[in-house]
Amino acid sequence: CPSQVLLKSDAPTGDVLLDETLRHIKATETAETVQTWIELLTGETWNPFKLQYQLRNVRERLAKALVEKGILTTEKQNFLLFDMTTHPVSNASEKQRLLKKLQESVLERWVNEPQRMERRTLALLVLAHASDVLENVFSSLADDKYDVAMNRTKDLLDMDPEVEAAKGRGTEMIWAVLAAFNK
């Protein structure tokens with residue numbers, strides 16, 4: 001049975017997109033699956049009965065928030081017949097800090113048990129995998145360390161999400177997201 005999202009609290013988070021998401025989850029008449037929410041929140045569903053639950057312009061709004069925080073910048077690039085807005089990284093030190101954190105979590109601070117892993121780190125690894133950028137996270141490592149990091153991460157991502165979610169510790173949603181992306 002696919003994991004359904006049940007709202008525990010609709011208390012505001014202070015983040016506009018998260019708060020909007022909470023309002024949508026609260027407004028649904030029946031509980032939706034994690035897979036359905038991913039499709040709705042990314043705008044990748046065409047179900048006319050659920051369009052009211054879609055977040056509008058998610059990528060643009062996320063990019064704008066990162067521009068406001070000084071992580072990204074906004075540029076216009078010309079692609080032959082049209083101009084396109086892009087958002088390159090403007091704060092390379094923040095990107096390097098995040099890459100280093102993930103590298104260290106898999107190499108120096110490896111706990112070999114996902115339930116003991118910091119939840120944000122586990123979520124970042126799952127999202128990097130789902131975004132197909134995991135290899136880039138470890139690309140600056142020496143070959144032997146790269147192999148160790150990729151093998152550990154592969155072992156982690158190959159675990160059974162249902163079994164891991166059942167172990168609790170507040171990681172159930174992270175494992176449900178991994179299961180949705182693995183389909």
Side-chain angles (χ1 to χ4, degrees), residues 3 5 13-19 21 34-35 37-39 41-44 55 57-75 77 84-183:
S3 301
V5 177
T13 65
D15 181 281
V16 175
L17 282 171
L18 288 177
D19 290 343
T21 300
V34 171
Q35 180 73 42
W37 277 116
I38 289 171
E39 291 168 2
L41 299 175
T42 58
E44 294 181 11
L55 289 183
N57 307 316
V58 175
R59 289 178 197 266
E60 294 85 354
R61 291 166 70 188
L62 286 171
K64 182 180 180 223
L66 291 171
V67 167
E68 289 171 0
K69 291 178 182 175
I71 307 295
L72 302 180
T73 188
T74 302
E75 292 180 0
Q77 276 195 330
M84 184 172 170
T85 301
T86 61
H87 299 284
V89 172
S90 63
N91 188 338
S93 63
E94 185 63 24
K95 178 182 177 181
Q96 288 307 317
R97 185 193 66 77
L98 189 57
L99 291 176
K100 185 173 169 73
K101 176 181 177 168
L102 287 175
Q103 291 169 356
E104 287 176 354
S105 71
V106 174
L107 295 172
E108 283 94 46
R109 295 190 315 270
W110 186 246
V111 292
N112 208 26
E113 294 176 39
Q115 62 270 22
R116 289 180 43 223
M117 185 177 280
E118 181 187 16
R119 287 183 293 195
R120 283 177 164 261
T121 301
L122 178 61
L124 278 171
L125 288 170
V126 166
L127 292 173
H129 164 68
S131 302
D132 204 23
V133 297
L134 198 52
E135 287 184 13
N136 296 349
V137 170
F138 304 126
S139 65
S140 64
L141 297 172
D143 288 349
D144 57 334
K145 288 187 176 190
Y146 175 88
D147 291 340
V148 170
M150 287 302 291
N151 287 333
R152 286 179 175 172
T153 307
K154 182 186 180 313
D155 290 346
L156 175 75
L157 297 170
D158 284 345
M159 292 181 158
D160 185 331
E162 284 190 35
V163 170
E164 295 307 314
K167 294 177 182 176
R169 210 192 141 260
T171 60
E172 298 87 351
M173 185 58 69
I174 298 169
W175 290 108
V177 168
L178 177 62
F181 278 115
N182 282 345
K183 288 189 178 187

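- When the shell of 6.0 Å around CZ of R120 is examined, it contains 12 or fewer heavy atoms from other residues, nucleotides or ligands.
- L141 and A149 get closest at one heavy-atom pair: CD1-CB, 4.1 Å.
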| request: Decide yes or no on side-chain contact (heavy atoms from CB on, under 4.5 Å) for T153 and F138, but give the supporting numbers first. | output: CA-CA 10 Å; T153 307; F138 304 126; 3.5 Å; yes
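- Look at K64 and E68 and you find a salt bridge, because one of the NZ, NE, NH1 or NH2 atoms lies within 4.0 Å of a carboxylate O, short of that distance.
- Listed for the N91 side chain is a donor-acceptor partner under 3.5 Å among the backbone atoms of E94.
- Among all heavy-atom pairs drawn from T121 and K101, the shortest one is OG1-CE, 3.6 Å.
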| query | Going through the checks in order, is the side-chain contact (heavy atoms from CB on, under 4.5 Å) test met by L62 and H87? | reply | CA-CA 10 Å; L62 286 171; H87 299 284; over 6 Å; no
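- Minimum heavy-atom separation, P161 to M159: CD-O, 3.0 Å.
- A distance of 9.0 Å separates CE of M117 from CG of N112, quoted to the nearest 0.5 Å.
- The 12-atom threshold is not exceeded at CD of E135, counting heavy atoms of other residues, nucleotides or ligands nearer than 6.0 Å.
- If you take CZ on F181 and CD on Q35, they are separated by 8.0 Å, rounding to the nearest 0.5 Å.
- With respect to the salt-bridge test (charged N to carboxylate O, under 4.0 angstrom), the residues K167 and E113 do not qualify.
- The number of heavy-atom neighbours closer than 6.0 Å to CG of D132, taken from other residues, nucleotides and ligands shown, is 12 or below.
- Looking at T86, its side chain never comes within 3.5 Å of a backbone N or O of P88 through a donor-acceptor pair.
- Among K100, Q96, Q103, the single residue meeting the side chain to side chain donor-acceptor pair (under 3.5 Å) criterion with S140 is Q103.
- When all heavy atoms are compared, the tightest approach of V34 to A180 is CG1-CB, 4.3 Å.
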| field | Full working for side-chain contact (heavy atoms from CB on, under 4.5 Å) between V106 and V137 | value | CA-CA 11 Å; V106 174; V137 170; over 6 Å; no
| Step by step, would you call V58 with T42 a side-chain contact (heavy atoms from CB on, under 4.5 Å)? | CA-CA 6 Å; V58 175; T42 58; 6.0 Å; no
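- The number of heavy-atom neighbours closer than 6.0 Å to CZ of R61, taken from other residues, nucleotides and ligands shown, is above 12.
- With hydrogens and angles disregarded, a donor-acceptor distance shorter than 3.5 Å links the side chain of S90 to the backbone of I71.
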